[in-house]
Amino acid sequence: MSRVEPLRVANVSGYYGDRASAAREMLDGGPVDFLTGDYLAELTMLILWKTRQRRPDEGYARTFLGQMEGVLGTCLDRGVKVVANAGGLNPAGLAQQLEEVADKLGLKPKIAYIEGDDVSEQLGQWLADGLELRNMDSGRKLSDLESEPITANVYLGAWGIVEALRSGADVVICPRVTDASVVVGPAAWAFDWAREDWDALAGAVLAGHAIECGPQVCGGNYSFFQEIDDPVRPGFPLAEIHADGSSIITKHPGTPGQVSRGTVTAQLLYEIGSPAYLNPDVTAHFDSVTIDDLGDDRVSLSGQKGSPPPDTLKVCINYHGGFRNSYTCMLAGLDIEAKAQFAVDSVFTALGGREHFESTDVRLIRSDRADADRNDEATARLIITVKDQDAEAVGRRFAAAVNGIGLAIYPGNYNDIVSPQASEYGVMWPTLVPASLVTQRIVVAGEEPIELPCTPGEGSSGAAPPPRAPTSVRDWASVATQSAPLGLLFGARSGDKGGNANVGVWARSDEAYDWLAYFLTSERMQELLPETAELRIDRYELANLRALNFIVHDILGEGVAATTRPDAQAKSLGEFLRSRSAELPSVLLADARAGAAAGAR
């Protein structure tokens, strides 16, 4: 179809378990054309698989049903359509459940669901045909894996959604599509875009990426949250999308939070890699977009460039990694290092040695401080984690051994309860397959499936922007400096990308970005974040956003579900970086302090 601009696309979920009232809030807060939701993190697919082992008819995001029960009638009355990836591992099952909800409400929506992302049954044939399905991080072949995959899902694109909408669907339930696709699909349908409208598609990807995490673009998880007048319980976002793919990111008037250049920049940097952001339908060049703060919680994204997508699709394979358990004990007062060693020696002596486990991990977290005024402020935390294929070894035997040393260990010991039940964990295996091997199936209102090949569009109506020259910087070497935390000048946002983490860092003025590009190299990142000293760090410049993006390889080991890192999704890594002190230019610190003082008046 072709419609009057703009298309108002609202987000009502940034993850499985997000605010249940968001759908009602977005309908009541002002006009919208679409409600969209992202329910599927990489970890969520494992969670849904575990749920389906207990309840085979499930495997989808149940919270979506609750949301729809409260708003479906309003959506139908107003012509508001719904597109969400809540289908997870069982989109057909969710569609059936939604039909039952609608029947109870006396409603007759046209419900569509999409399949074809589940390629678990094709893996064996692909391997036999010579596909190596190498891990995108480690380079290992899938055939080297001893465990059997338990899930395998392709990241589908937007054209199945477009087909469902063209068939008259009121609700489109998606499986594992890319996060932005639930926004790209409605825009491509509304404006009759062709598969080769690269620039427009790239704009929709940017808009989708901006709003996919819900209130995060409205001030949630924002470095400068103290500058927001009302940061608590921020509103959910809207993208007002135009026919050329440009958009305005905003929220309903009167809702808490803030939409600003800073909050949108932070979200655009979240969990990306190279500025050439690969999607199944287009390569969106994040270093080409112009970002303008229009005031009144309205930020414009325009001038974006897109180019053809790769001829491959990403596949998220999950396999059984084994079982794990942990012992967490507290160490207070003096001699923390010695007490920690005493605890480690006691635990592994009781267990017969570390060699009895597939892997072990010991982390001493020094949250204590000297001469503290409170007992808890003088306390550090020791975490000992064991992993093995034998659930009994890391379950009952581990718990019994640890519980048996309670009175024979360092002074002042107290600890968390150790469960006799081991936790099963999964490992993600990201890989690529030719897009030509994958076919989507769109089922609308129980009719015969529509088969849609995933082969990307062809043509040259869009082209990648020319490579940017290295950032031109002034001579900062002789500028007066002061030691201060980086966070006085720069914001950051970080997150997980498989076993890697991304850290986006942005400046709030052109001059500050000039210094940031000069100062913050990959090597300097390794100095500031000592745990990354032996890890590979890739660095990308996005001068249009006044930002740098870093990919820290292997910091999460085998991924979110398997890592023993306390912050399994690297959410706090950017804020840790901001806390690190460096020699900052005095002129920039003076400007920042003057700006803060003016804001306080």
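Side chains are part of it too, since the values below use all heavy atoms of this structure and drop only hydrogens, waters and symmetry mates.
Judged by distance alone, the side chains of Asp567 and Ser572 do bring a donor and an acceptor atom under 3.5 Å apart. Neither side chain, Ser522 nor Arg536, offers a donor N or O lying under 3.5 Å from an acceptor on the other. In summary, the side chains of Ser307 and His285 do present a donor paired with an acceptor at a separation below 3.5 Å, with no hydrogens or angles considered. No side-chain donor-acceptor contact under 3.5 Å links Asp18 and Ser13. Looking only at atom types and distance, the side chain of His553 has no donor-acceptor partner in the side chain of Asp137 under 3.5 Å away.
Contact detail for Leu268 and Leu301: the closest heavy-atom pair is CD1-CD2, 4.1 Å. In this structure, Ala207 and Ala239 approach most closely via the heavy-atom pair CB-CB, 4.1 Å. The two residues Pro149 and Ile317 come nearest to each other via the heavy atoms CB-CG2, 3.7 Å. The two residues Ala95 and Tyr113 come nearest to each other via the heavy atoms CB-CD2, 3.6 Å. Nearest heavy-atom pair, Phe236 versus Lys251, reported as atom, atom and distance to 0.1 Å: O-CB, 3.6 Å. Contact detail for Val282 and Gly306: the closest heavy-atom pair is CG2-CA, 4.1 Å.
Screening residues 207-216 for side chain to side chain donor-acceptor pair (under 3.5 Å) gives Gln216-Asn221, Gln216-Gln267 as the qualifying pairs, with residues at least two apart or on separate chains. Within the structure, salt bridge (charged side-chain N to carboxylate O under 4.0 Å, His left out) contacts touching residues 80-96 (residues at least two apart or in different chains) are Lys81-Asp170.
Taking the charged nitrogens against the carboxylate oxygens, Glu227 and Arg508 do have a contact shorter than 4.0 Å, which makes a salt bridge. Ion pairing of Arg195 with Asp281 is absent here, as no side-chain N (NZ or NE/NH1/NH2) approaches a carboxylate O to less than 4.0 Å. Ion pairing between Glu42 and Lys314 holds under the 4.0 Å rule for side-chain N and carboxylate O. Salt bridge present: Arg19 and Glu25 bring a charged side-chain N and a carboxylate O closer than 4.0 Å. Looking at Arg8 and Glu240, a side-chain N of the basic residue comes within less than 4.0 Å of a carboxylate O on the acidic one, giving a salt bridge.
Val182 has its side chain within reach of Val177: a pair of non-hydrogen atoms, C-beta onward, lies under 4.5 Å apart. Using a 4.5 Å cut-off on side-chain heavy atoms (C-beta onward), Leu556 and Asn500 make no contact. Residues Arg441 and Glu451 meet the side-chain proximity criterion, which asks for heavy atoms closer than 4.5 Å.
Under the side chain to side chain donor-acceptor pair (under 3.5 Å) criterion, Asp117 pairs with Asn153, not counting sequence neighbours. Considering only residues two or more places apart in sequence or on other chains, Val299 meets the side chain to side chain contact (heavy atoms under 4.5 Å, CB included) condition with Val259, Val264, Ile291, Asp293. A search for side chain to side chain donor-acceptor pair (under 3.5 Å) contacts involving Ser167 returns nothing, not counting sequence neighbours. Applying the side chain to side chain contact (heavy atoms under 4.5 Å, CB included) rule to Thr312 yields the partners Pro310, Leu432; only residues at least two apart in sequence or on another chain are considered.
With rounding to the nearest 0.5 angstrom, the OH atom of Tyr540 is 9.5 Å from the CD1 atom of Ile272. Rounding to the nearest 0.5 Å gives a distance of 10.5 Å between OG of Ser494 and CG of Asn549. To the nearest 0.5 Å, the span separating CD1 on Ile161 from CZ on Arg166 amounts to 12.5 Å. Atom CG of Leu520 is separated from atom CD of Glu541 by 10.5 Å, given to the nearest 0.5 angstrom. If you take CZ on Arg493 and CZ on Arg578, they are separated by 11.0 Å, rounding to the nearest 0.5 Å. Here Phe550 contributes atom CZ and Leu269 contributes atom CG; the two are 11.0 Å apart, rounded to the nearest 0.5 Å.
Environment of CG in Asp77: crowded, with over 12 heavy atoms of neighbouring residues, nucleotides or ligands closer than 6.0 Å.
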- [ ] Could you please spell out the steps behind the side chain to side chain contact (heavy atoms under 4.5 Å, CB included) verdict for Val289 and Asn544?
- [x] CA-CA 7 Å; Val289 67; Asn544 56 318; 3.5 Å; yes

Task: Audit row: Asp38, Asn85, side chain to side chain donor-acceptor pair (under 3.5 Å) steps and yes/no - done: CA-CA 6 Å; Asp38 177 20; Asn85 65 4; 2.8 Å; yes

TODO: Give the C-alpha distance, both sets of side-chain angles, the deciding distance and a yes or no for side chain to side chain donor-acceptor pair (under 3.5 Å) between Asp292 and Ser300.
DONE: CA-CA 5 Å; Asp292 289 310; Ser300 168; 4.8 Å; no

- [ ] Go through Leu40 and Tyr16 one step at a time and tell me if the side chain to side chain contact (heavy atoms under 4.5 Å, CB included) criterion holds.
- [x] CA-CA 7 Å; Leu40 302 181; Tyr16 186 15; over 6 Å; no

Open item on the list: As a quick check of understanding, evaluate side chain to side chain contact (heavy atoms under 4.5 Å, CB included) for Met26 and Leu238, giving each step before the final call.
Closed with: CA-CA 9 Å; Met26 296 310 287; Leu238 288 167; 3.8 Å; yes

Open item on the list: Could you go through Val82 and Val172, starting from their C-alpha distance and side-chain angles, then the distance that decides it, and tell me whether this counts as side chain to side chain contact (heavy atoms under 4.5 Å, CB included)?
Closed with: CA-CA 6 Å; Val82 178; Val172 184; over 6 Å; no

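Ring geometry, Phe286 versus Tyr277: the interplanar angle falls from 30° to 60°, so the pair is classed tilted.
Judged purely by atom type and a 3.5 angstrom limit, Thr265 has no side-chain atom pairing as donor or acceptor with the backbone of Gly262.
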